[in-house]
Protein chains: 2
Amino acid sequence: MVKLIDIAKKLGLSLTTVSRALNDYEEVSSKTKELVRQTAKEMGYVPNKFAQNLALKKSHLISLLYDDYQETISYQSFTFEVIAGVRNYFGRTPYDLIIVPGNLKSETREPLKNICYSRGIEGLFVVGIRTNDPYIEELKKDFIPAVIVDYPLITKKVTYIQSDNLMGCKLAVDYLVSRGHSRIAFINGHDLAAVSPLRLDGYKTALKENGISFDEDIVKVGNYTEKSGYDAVRQLLKEKADFSAVFAASDLMAVGAIKAIKEKGLKVPEDVAVVGFDDVFFAEYSHPSLTTIRQHKFDLGYMGAKELHEIIENPEKPLRSRKIDVELIIRESA
Amino acid sequence: MVKLIDIAKKLGLSLTTVSRALNDYEEVSSKTKELVRQTAKEMGYVPNKFAQNLALKKSHLISLLYDDYQETISYQSFTFEVIAGVRNYFGRTPYDLIIVPGNLKSETREPLKNICYSRGIEGLFVVGIRTNDPYIEELKKDFIPAVIVDYPLITKKVTYIQSDNLMGCKLAVDYLVSRGHSRIAFINGHDLAAVSPLRLDGYKTALKENGISFDEDIVKVGNYTEKSGYDAVRQLLKEKADFSAVFAASDLMAVGAIKAIKEKGLKVPEDVAVVGFDDVFFAEYSHPSLTTIRQHKFDLGYMGAKELHEIIENPEKPLRSRKIDVELIIRESA
DNA sequence: CCTACTTTCCAAAGCGCTTTGAAAAGATGC
DNA sequence: GCATCTTTTCAAAGCGCTTTGGAAAGTAGG
């Protein structure tokens, strides 16, 4: 491995000058700069980041915190695409992405603080972890810049980003209303996902805006899996609840809902219309294909990463949370 | 940030002794060791990995190379779960995972060698990149230990791991034969995926073992998307090809195949049986649910990571590729 | 009590880089 | 030609850790 001193010796220059030449300091004449750069290239010189980090006290390291024990593929895909956005953003900067090590489920995992401090992590990007994850508590201590997807937390160094859930619910409800529905059942997800209360709120608000009164009897709670959506709607049907449409807080639950409806001999969307949330890719492949609210996952990652970058570079900046627009995708199910 | 010298001063010990105590050297009495450990903890000492890396010339860094421009969710999910396995394995070791930076599609990306050398990367885990990715060529130069998923490359430092595709094809064909089929169409994927030729081979071999002759007319090539599976089967039907079963090299193509078959007014599995490959999660949710070959993705990652670890720790070891068993999952479509 | 080991501790060098403070070389004005 | 200023270069210190080679302190044997 060739190092600075090697190219200094070769050129009869001092270490300092070589370092400065490569870092484009003004104190070095352009002739020497060019010479140094050229020979550095020829000799295959690559700077040692550890040494740089040590000297500069700057790691250029962002840590990615996510949970890989995700029961549903839609969650996997969500996380994957968000991370793609993060990666894409930081790929344009000198920052590297390091994955927070270890089994997130393990009880014996290292404190986040230690992980970050020992590696000189400058920022944390958090996506797809549970609201009851102990790391969330650590984040609240505000010891490191962080951006979280879908968990409402704002401190001096930490902020969050999420899809505009309110808007999403409004789009869904408005659309169903525009198709003549006024009895719209809602299948929400459990509270371990921070978006659940938001979506319930959005649903309520949208109803109100359309002059429809909220009816607790046609609201159920699932856990974002297909089966829970299926169970919820079966329950509704069993109770002979009065509804002509179902709005599910996830596509997977929407698929389950459709299954339950079909099983009763009813047709989607003729008898009951169904709208999902997320636009996971298979929404397109279900039968009937799913009308749903699309989340722009890549953008969540990209914009979240950008925000994180800004927090790091400009620590004084007061933080605000950020919302990414969602989109109504009309297919066959409603 | 508290460092070694701080705790040395506090205890009136030398830097050396403190370092040795924490690293459990024999030269330090167990009394001092305990004392040092205790105060280190109290003072919230966390070792600086950069300094360690620099001194030890060991980074404990594994780089993850994958492509996030993956058109299909099954590929995303595949990659996600493989990475989960890798993460889980290395989570039990002192190694950290760093994501190879940047936009893999960009033409201007940095040579892999530079990336690795500048960060002192000790090993590379590669998953989900195209066979024509230029990084593959760099890997062939054998400059760093690496394990690749699904691309057959073995050198002194590089090896690969994959699902047992032959076995998978055999399981699928055998099962179809056992259900009375002898005219089994095959929809393969394009050659940008290294597994395609393997699956074709497996298909041929399995046919031969069952005394069925290979018929080129009922073999089509798709690109792993639903549409390509749909198109391929439509083509077959249009050609009035003689087949009673379809074996697709991916679940997505299998779903497309089913769509085409249904469209013709034929029933699955009564008129045409369909078997897929992968067992992506939605296989369960398609209608009819998909009989398929399950790949153990987590295991691919876990075992691949283990292999990589061994290569790094024991560079002299001659390398062999490794296969992970697959499993026939019987559902409704066949 | 002295020699010969062991055990326990330490000062200093080194990992590869950046940066400070100062010196050498070159350019300018009188 | 000398003093002054600017440009270009350098030696050395420092980032936080590990490790080498040695010294001091403690233990045992005669």
Side-chain angles (χ1 to χ4, degrees), chain A residues 1-37 39-41 43-61 94 96 114-122, chain B residues 1-37 39-41 43-61 94 96 114-122:
Chain A
M1 206 93 319
V2 28
K3 38 194 175 167
L4 277 191
I5 189 74
D6 298 327
I7 102 169
K9 275 180 185 161
K10 177 153 187 176
L11 292 178
L13 288 173
S14 85
L15 224 187
T16 317
T17 309
V18 173
S19 169
R20 286 188 163 151
L22 290 176
N23 290 326
D24 207 21
Y25 273 53
E26 288 186 351
E27 297 96 319
V28 180
S29 72
S30 46
K31 268 172 277 168
T32 357
K33 265 186 196 170
E34 197 40 52
L35 180 65
V36 170
R37 278 187 197 136
T39 34
K41 202 169 192 178
M43 297 176 73
Y45 170 78
V46 179
N48 179 324
K49 292 224 172 193
F50 298 127
Q52 286 184 326
N53 292 344
L54 196 55
L56 292 172
K57 292 182 146 290
K58 182 129 179 69
S59 72
H60 283 302
L61 233 39
D96 280 334
N114 289 10
I115 295 176
C116 293
Y117 283 177
S118 71
R119 290 166 187 81
I121 307 286
E122 297 187 40
Chain B
M1 203 93 320
V2 29
K3 38 194 175 167
L4 277 191
I5 190 74
D6 297 327
I7 100 170
K9 275 180 186 160
K10 177 154 189 175
L11 293 178
L13 288 174
S14 85
L15 224 189
T16 316
T17 308
V18 174
S19 168
R20 287 190 162 147
L22 291 176
N23 290 325
D24 207 21
Y25 273 53
E26 288 187 348
E27 297 96 319
V28 180
S29 72
S30 46
K31 267 173 276 167
T32 357
K33 266 186 195 169
E34 197 40 52
L35 180 66
V36 170
R37 280 188 197 132
T39 35
K41 202 169 191 174
M43 298 176 74
Y45 170 76
V46 179
N48 179 322
K49 292 227 173 192
F50 298 127
Q52 286 184 325
N53 292 343
L54 197 55
L56 292 173
K57 293 180 143 291
K58 182 129 180 66
S59 72
H60 283 302
L61 233 39
D96 280 335
N114 289 12
I115 295 177
C116 293
Y117 283 176
S118 70
R119 291 166 185 80
I121 306 286
E122 297 187 41

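All values below come from the heavy atoms of this structure, side chains included, with hydrogens, waters and symmetry mates left out. In this text the structure is predicted, and so the values were computed from the model without any measurement. Throughout, a chain's letter reflects where its sequence line sits, starting with A, and its residues are numbered from 1.
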Quick one: [X] [atom1] to [N] [atom2], roughly how many Å, whole number?
X       : N       : atom1 : atom2 : value
F50(B)  : dT18(C) : CZ    : C1'   : 15 Å
L11(A)  : dC10(D) : CG    : C1'   : 15 Å
L22(B)  : dG16(D) : CG    : P     : 16 Å
K57(B)  : dG16(D) : NZ    : C1'   : 16 Å
K49(B)  : dG16(C) : NZ    : P     : 20 Å
N53(B)  : dC15(D) : CG    : C1'   : 14 Å
R119(A) : dG16(D) : CZ    : P     : 18 Å
E34(B)  : dT8(C)  : CD    : C1'   : 17 Å

Phosphate-side-chain proximity, [X] and [N], N/O vs OP1/OP2 below 4.0 Å:
X      : N       : result
K3(A)  : dG16(C) : yes
Q52(B) : dG16(D) : no
S14(B) : dC10(C) : yes
T32(A) : dT9(D)  : yes
S19(B) : dT18(D) : yes
Y45(B) : dC17(D) : yes

Roughly how far, to the nearest 0.5 Å, is the CG atom of L61(B) from the CG atom of N53(B)?
->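 N53(B) atom CG to L61(B) atom CG measures 7.5 Å (nearest 0.5 Å).
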NZ-CD1 distance between K41(A) and I7(A), expressed to the nearest 0.5 angstrom |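 The NZ atom of K41(A) sits 13.0 Å away from the CD1 atom of I7(A).
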Among [options], the one nearest [X] by side-chain distance:
X      : options                  : value
S29(B) : dT8(D), dG16(C), dC9(C)  : dC9(C)
V28(B) : dT18(D), dC15(D), dC9(C) : dC9(C)
L15(B) : dC17(D), dC9(C), dG16(C) : dC17(D)
T16(A) : dT9(D), dT19(C), dT8(C)  : dT19(C)
L54(A) : dT8(C), dC15(C), dC15(D) : dC15(D)

Heavy atoms only, 4.0 Å cut-off, all strands: where does [X] land among base, sugar-phosphate and nothing?
X      : result
N23(A) : sugar-phosphate
L13(A) : sugar-phosphate
G12(A) : sugar-phosphate

Main-chain N/O of [Y] paired to [X] side chain as donor or acceptor, under 3.5 Å:
X       : Y      : value
S19(B)  : L15(B) : no
K33(B)  : Y25(B) : yes
E122(A) : S59(A) : yes

Minimum heavy-atom distance V2(A)-G44(A), with the two atoms named |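 Smallest interatomic distance, heavy atoms only, reads CG1-O, 3.5 Å.
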By nearest nucleotide on DNA chain C, pick out whichever of T17(B) and A51(B) is the more 5' one.
->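 Nearer the 5' end of the strand: T17(B).
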